[in-house]
Participant: 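Pasting in a structure now, in structure tokens, and then I'll have a few things to ask.
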Amino acid sequence: MSALLRVSKIPRAKFCSAVITKNYATESPRTTLQPDPETFAAPSKPRPYYAKHPRRENYPVLQKTWPTVLAFVGLGVAGWGLFMMVATNQEKISSSVVRQIMRSVREDAQLKETLGEAIRPQPEWWLNGDPRIHGRISQLQGNVDVSFRIRGSKGSGTLYFTSIRKDKGLPFSILRFKVICDDGTIIHVDSTPI
């Protein structure tokens, strides 16, 4: 758009104070229209800040999420507990105490006669073929108390082993080292220090 500049005809000496106005070709003269004043008979009623809530039957029915969250938390805690049980059981299986117990059991003549040859820990299907060892092995505190199932070619039984150390630096004292067979026979294994 081109602008037309008008310079008022003023003598040359007064040209500095000339007023320059711009008129655009598409601009219409501005007229200000004021709205008619409106009078009210009473004060205005305050309006709500938000629209009213729609009725509850218009909302979709939402499922409660806390049972699902509770189920996942329960599964998480159960999985954690199962993992800890398997991990501590593997630690007990690989300990030197259980290996020495099994060495003594395999060399005992009375157990060979009752349970047969190839005496070994009885595997559990839910532990992927590893035995389940109950009890506690705490060599630093001087306390070993374990029990687990063993089996041979003729039968099986439960082995119980308890040993304590009375003072730091002293050897362990064996308090209980026996096998209770499934037929009720109790065999005390040689309790010389392992």
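Count residues from 1 along the sequence. Side chains included, hydrogens not; waters and symmetry mates left out as well; all remaining heavy atoms used.
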Participant: Does atom CD of E91 have more than 12 heavy-atom neighbours, drawn from other residues, nucleotides or ligands, at distances under 6.0 Å?
Facilitator: no
Participant: Are D182 and R149 close enough, and set up right, to give a salt bridge (charged side-chain N to carboxylate O under 4.0 Å, His left out), and what steps lead you there?
Facilitator: CA-CA 10 Å; D182 290 343; R149 300 274 302 159; 3.0 Å; yes
Participant: Say you draw a straight line from CD of E113 to OG1 of T185; how long is it, rounded to the nearest 0.5 Å?
Facilitator: 10.5 Å
Participant: Taking the side chain as everything from C-beta on, heavy atoms only, tell me whether V97 gets closer than 4.5 Å to Q139.
Facilitator: yes
Participant: Just so I know, are the side chains of I174 and F161 near enough to count as touching, which here means a heavy-atom distance under 4.5 Å?
Facilitator: yes
Participant: Is there a donor-acceptor contact under 3.5 Å from the side chain of K92 to the main chain of R132?
Facilitator: no
Participant: I'd like to know if the side chain of S156 reaches the main chain of G152, judged simply by a donor and an acceptor atom lying under 3.5 Å from each other, with no hydrogens or angles considered.
Facilitator: no
Participant: Between V86 and N128, is any pair of side-chain heavy atoms under 4.5 Å apart?
Facilitator: no
Participant: To the nearest 0.5 Å, how far apart are CZ in R165 and CG in D167?
Facilitator: 8.5 Å
Participant: Tell me, with the steps shown, if M102 and E107 meet side chain to side chain contact (heavy atoms under 4.5 Å, CB included).
Facilitator: CA-CA 9 Å; M102 286 309 299; E107 292 173 359; over 6 Å; no
Participant: Shortest non-hydrogen contact from P123 to G129?
Facilitator: CB-O, 3.0 Å
Participant: What do you reckon, is CG of L170 surrounded by more than 12 foreign heavy atoms closer than 6.0 Å?
Facilitator: yes
Participant: Could you check whether any side-chain heavy atom of D130 comes within less than 4.5 Å of a side-chain heavy atom of E124, counting everything from C-beta outward?
Facilitator: no
Participant: Calculate, to the nearest 0.5 Å, the distance between atoms CD1 and OG1 belonging to I186 and T114 respectively.
Facilitator: 12.0 Å
Participant: Please walk me through it: do R136 and N143 pass side chain to side chain contact (heavy atoms under 4.5 Å, CB included)?
Facilitator: CA-CA 8 Å; R136 180 175 173 199; N143 184 7; 4.3 Å; yes
Participant: When rounded to the nearest 0.5 angstrom, what distance separates OG in S104 from CZ in F177?
Facilitator: 5.0 Å
Participant: Walk me through whether C181 and L115 qualify under side chain to side chain contact (heavy atoms under 4.5 Å, CB included).
Facilitator: CA-CA 8 Å; C181 300; L115 296 180; 3.9 Å; yes
Participant: For N89 and I133, indicate whether the former's side chain and the latter's backbone hold a donor-acceptor pair under 3.5 Å.
Facilitator: yes
Participant: Would you say that P171 contacts K166 through its side chain, given a criterion of any heavy-atom pair below 4.5 Å between the two side chains?
Facilitator: no
Participant: Below 4.5 Å, heavy atoms only, C-beta onward: do Q122 and P131 meet side chain to side chain?
Facilitator: no
Participant: Apply side chain to side chain contact (heavy atoms under 4.5 Å, CB included) to the pair K178 and L159, showing each step before the final yes or no.
Facilitator: CA-CA 6 Å; K178 65 181 178 181; L159 181 137; over 6 Å; no
Participant: Verify the neighbour count for atom CH2 of W126: are there more than 12 heavy atoms of other residues, nucleotides or ligands below 6.0 Å?
Facilitator: yes
Participant: Please tell me whether I93 and I119 are part of a single hydrophobic cluster in this structure, the criterion being side-chain heavy atoms less than 4.5 Å apart.
Facilitator: yes
Participant: How many angstroms lie between atom CD1 of I101 and atom OG of S95, to the nearest 0.5 angstrom?
Facilitator: 7.5 Å
Participant: Mark yes or no for whether S153, through its side chain, and E117, through its backbone, hold a donor-acceptor pair below 3.5 Å.
Facilitator: yes
Participant: Side chains of T162 and V144, heavy atoms from C-beta outward: is any pair under 4.5 Å?
Facilitator: no
Participant: Using a cut-off of 6.0 Å, state whether more than 12 heavy atoms not belonging to Q90 lie near its atom CD.
Facilitator: yes
Participant: Look up atom CD1 in I187 and atom CG in D108, then write down how far apart they are to the nearest 0.5 Å.
Facilitator: 7.5 Å
Participant: Do I180 and Y160 come close enough that some side-chain heavy atom pair is under 4.5 Å?
Facilitator: yes
